[in-house]
2 protein chains.
Amino acid sequence: MAVTIKDVAKKANVSISTVSRVLSDSPKISEKTKKHVRKVIEELGYHTNLNARSLVQQTTKTIGVVMKHSESEAIHTTFIPEVLRGISYICNKYEYSIRLSTGESEENLFQDVLKMVNGKQVDGVLVLYSKKDDPVVDYLIQSQIPFVILGKPTKDVNKISYVDNDNIHAAMEATQYLIKLGHKRIAFIGDDNKYEVTNARLSGFQQSLQANQVEVCNEYIRNINYSYEEGMRVIRELMSLPEPPTAMVLTDDLNALIVLSSLSKIGLRVPEDVSVICFNNSTISRVSNPRLTSVDIQIFQLGYEAAKTVIEQINEPNTLKKSLIIPTKIIERESCKTMIS
Amino acid sequence: MAVTIKDVAKKANVSISTVSRVLSDSPKISEKTKKHVRKVIEELGYHTNLNARSLVQQTTKTIGVVMKHSESEAIHTTFIPEVLRGISYICNKYEYSIRLSTGESEENLFQDVLKMVNGKQVDGVLVLYSKKDDPVVDYLIQSQIPFVILGKPTKDVNKISYVDNDNIHAAMEATQYLIKLGHKRIAFIGDDNKYEVTNARLSGFQQSLQANQVEVCNEYIRNINYSYEEGMRVIRELMSLPEPPTAMVLTDDLNALIVLSSLSKIGLRVPEDVSVICFNNSTISRVSNPRLTSVDIQIFQLGYEAAKTVIEQINEPNTLKKSLIIPTKIIERESCKTMIS
DNA sequence: TTGTACGCGTTATCAA
DNA sequence: TTGATAACGCGTACAA
């Protein structure tokens, strides 16, 4: 059995409470006994049992991080490690720990969340996605636990704190960027439209076209879900249309990589034959061939602010729900070109 | 305050212990009272406080997962989400939770680990990397907590359970593969050589050359650490050598992507001018242009088995330390070609 | 400034 | 088949 506060007390010839007070550096304890007790703590190699502390303090100093469920292989490869970095940065700073909740299926994930909040294992929760009719979010609202969504809530917006980009606006800008280059036949290739991000970006795309009196052509709106084969097929179809697109906006740079390859396979060059702009600006954008012009959504910052907001909500539970929009920025590289008409 | 077992007991007119027994579905309780108590539990919305349970049972049913520290931006992008998938799969299956330990700096990470194992917040630990003189591992050994390394330990091999590929062998095979295609001037481009993987792969590379009486040329051994600029520089240098390499083995496919771009920039084609084989076989390998011949190290499986081993060690602490080697396989795609001499 | 005693929410042992 | 009660390890009023 591990060494407890009792053992320290006994060996130091003081009471348990004294030890406890030394641990929390209470000002009511003389420097002398502090020194003494600390020495004993050192000698015995004592460490406080965080479970016991949680039990009495009714707080865990840990947040639950809920990822997309992973039954599909398409965990957003470029996204996860980077948000995790942002989240970790804050958690380290505020001395919070992270409990990770993945889950094979949606049901599985839900149970996992249920368990950790019902089981009082976390003080707050950070949900890394947003989608319609998510039981997880419904439950979190009802449970009253502080939580924030990384993404735009699909409902109950005023009951939920969230951190997000303005994806509609960002997509408008991206589309606008292509239009300014003279493109009129612009395709939109999304990924998993179960999630709100994709929908928001599509919406922005469409709005931008309309705002610029460019005809929105439904044939140009496609979806490849991180599948190479699907990408090949879609690109082939798109480019063999009577009026093939001259530019494309992609919702993720991994998908953009697929499109780059597909285009190359059928002998088309980027940006000479078709311009490509994508979202996320992950490492992939920076190293592909050609390097991709990409909308930087500031993934690290997203994680950083989201985690920070969770902790704020924990510490001031009655504060208003807050929403934070992280700015985006188009990083120009080599994949877009003026349309010569 | 949340509803506790006491509240249930009171409302159901039974003792606390009866409720507890119902909770664990003890056979000593009559079906009748079980039904009754369960109904009350339902009505009150009672949920077990897992901290309290951990306290008395001296077990947490959670494992700590230690990632590389993240001060560098180069969290191995392609690796993390996929191992996490494997780990999650097992954790869900065995009803374990995951506590994630990242950390800005090495020191930071170390403190994090210290806290979670000293604080009795985890039953076991999974370290997702291996490197020399790692204080984390030293501490884990000394602390007696069950743990496993995903990677090859640098020392104390018989005190440590680990799951790994045979990276030396895998690198030999990859190199051999190029040699069989007729290549003699083969470069090796690694990534962060702080970690054991890179070293093992380099070693295998060198051994293979020697075994095949191919001269090992130190100028051919390089290191680009997920840096595009560095990649450009190295490739330029390499290819302007009097005798430039005709083939390369890369330790990661993200780096391979950089090399692909660099090569293209200076007008060299893959595989016509230089063959490229890489490790990890992530999505990137499958979608790049050309698609990369890659050593599949089975990342999911790695995570799966590692997590499983941790749980086994937890449940049978006195069993021998076990090491598991996950087989690798070269996935042939488009980036290698016979050398025409 | 320090000690006593109780409570946090469970599980487990021993009686009944 | 059920109930009291003692742990588990810690924090904290209250008392001294």
Side-chain angles (χ1 to χ4, degrees), chain A residues 1-41 44-62 115-123, chain B residues 1-41 44-62 95 97 115-123:
Chain A
M1 194 110 316
V3 20
T4 77
I5 205 172
K6 267 187 207 161
D7 304 319
V8 177
K10 194 178 296 175
K11 177 149 185 196
N13 274 318
V14 294
S15 74
I16 292 181
S17 34
T18 302
V19 179
S20 179
R21 288 191 185 104
V22 172
L23 252 21
S24 55
D25 202 19
S26 160
K28 311 184 170 187
I29 298 281
S30 72
E31 272 311 315
K32 193 177 144 209
T33 46
K34 270 189 188 173
K35 278 245 162 59
H36 177 54
V37 171
R38 286 202 180 110
K39 206 179 114 203
V40 175
I41 286 177
L44 258 38
Y46 165 82
H47 293 279
T48 83
N49 181 317
L50 264 23
N51 287 314
R53 174 178 291 171
S54 288
L55 191 56
V56 32
Q57 300 202 143
Q58 305 282 31
T59 174
T60 61
K61 290 282 262 178
T62 110
K115 183 170 140 194
M116 76 182 177
V117 353
N118 280 331
K120 303 276 179 295
Q121 301 193 110
V122 293
D123 296 342
Chain B
M1 192 109 313
V3 21
T4 76
I5 203 172
K6 269 185 201 160
D7 304 320
V8 177
K10 194 177 296 174
K11 175 148 186 195
N13 274 317
V14 294
S15 72
I16 291 181
S17 19
T18 303
V19 179
S20 179
R21 287 191 185 102
V22 172
L23 252 20
S24 55
D25 202 18
S26 159
K28 309 182 168 187
I29 299 283
S30 73
E31 272 311 316
K32 194 178 145 209
T33 45
K34 271 189 189 175
K35 277 244 164 58
H36 176 56
V37 171
R38 286 202 181 109
K39 207 179 114 204
V40 175
I41 286 177
L44 259 39
Y46 165 82
H47 293 280
T48 306
N49 181 317
L50 265 21
N51 288 315
R53 175 179 289 171
S54 287
L55 190 57
V56 32
Q57 297 200 144
Q58 306 280 33
T59 174
T60 61
K61 291 283 259 177
T62 111
E95 301 193 302
S97 307
K115 181 171 143 192
M116 78 181 175
V117 352
N118 280 331
K120 302 275 179 297
Q121 301 192 111
V122 293
D123 296 341

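These values consider heavy atoms only, across backbone and side chains, with no hydrogens, waters or symmetry-generated copies. Throughout, protein chains are lettered first and strands after them, A, B, ... in sequence-line order, and every chain is numbered starting at 1. What you are looking at is a predicted structure, and each value in this text was computed from that prediction instead of being measured.
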Check step by step if side chain to side chain contact (heavy atoms under 4.5 Å, CB included) holds for A:K120 and B:L50. CA-CA 7 Å; A:K120 303 276 179 295; B:L50 265 21; over 6 Å; no
How many whole angstroms separate atom CG of A:D7 from atom P of D:dG9? 9 Å
Can you tell me the distance, in whole Å, between the CG atom of A:L55 and the C1' atom of D:dG9? 9 Å
Starting from P on D:dG9, measure out to CG on B:N118 and report it in whole angstrom. 14 Å
For the side chain of B:R53, starting at C-beta, report the closest nucleotide among C:dT2, C:dT10, C:dC8. C:dT10
Enumerate the side chain to side chain donor-acceptor pair (under 3.5 Å) contacts for residues 45-54 of chain B, please, sequence neighbours excluded, ordered by first and then second residue. A:N118-B:H47
Detail all sub-3.5 Å separations between protein N/O atoms and N/O atoms belonging to nucleotides 12-16 of chain C.
{"unit_1": "C:dT13", "atom_1": "O4", "unit_2": "B:R21", "atom_2": "NH2", "d": "3.3"}

Ignoring backbone atoms, establish whether B:S54 has a side-chain N or O less than 4.0 Å from OP1 or OP2 of D:dC8. no
Less than 4.0 angstrom between a side-chain N/O of B:K6 and OP1 or OP2 of C:dT10, yes or no? no
Along DNA chain D (nearest heavy atom to each residue), the more 5'-positioned of A:A52 and B:T33: B:T33
Whole angstrom value for the distance that separates P of D:dC8 from NE2 of A:H47: 20 Å
Among residues at least two apart in sequence or on other chains, which ones pass side-chain hydrogen bond (donor to acceptor under 3.5 Å, both in side chains) with B:K10? none
Between B:I5 and B:L23, does the side chain to side chain contact (heavy atoms under 4.5 Å, CB included) criterion hold? Intermediate values first, please. CA-CA 10 Å; B:I5 203 172; B:L23 252 20; 4.2 Å; yes
In whole angstroms, the gap separating C1' of D:dA15 from NZ of A:K28 amounts to 12 Å
Restricting to side-chain hydrogen bond (donor to acceptor under 3.5 Å, both in side chains), what partner residues turn up for A:S15, sequence neighbours left out? A:S17, A:T18
Does the side chain of B:Q58 get closer than 4.0 angstrom to OP1 or OP2 of D:dG9 through an N or O atom? yes
Go through the structure and list residues passing side-chain contact (heavy atoms from CB on, under 4.5 Å) with A:N13, not counting sequence neighbours. none
By nearest-heavy-atom nucleotide on DNA chain D, the more 5' of A:L23 and B:S15 is B:S15
By side-chain hydrogen bond (donor to acceptor under 3.5 Å, both in side chains), A:T33 pairs with (sequence neighbours left out) A:S30
Report the end-to-end axis angle of the helix from C:dT1-D:dA16 to C:dA16-D:dT1; each axis comes from five terminal pairs, and the value is rounded to 10°. 40°
Show me the pairs that pass salt bridge (Lys or Arg N to Asp or Glu O under 4.0 Å) and involve residues 11-27 of chain A, at least two apart or across chains. A:K11-A:E43, A:D25-A:K34, A:D25-A:R38
Quickly work out the B:N51 CG to D:dC10 P distance and round it to whole Å. 14 Å
From CG of B:L50 across to C1' of D:dC8 the rounded distance in Å is 15 Å
Could you check how far CG of B:N49 sits from C1' of C:dG7, rounded to whole Å? 13 Å
For A:T48 and D:dC10, is the shortest distance between a side-chain N/O and OP1 or OP2 below 4.0 Å? no
Results of side-chain hydrogen bond (donor to acceptor under 3.5 Å, both in side chains) for A:T60 - residues two or more places apart only: A:D123
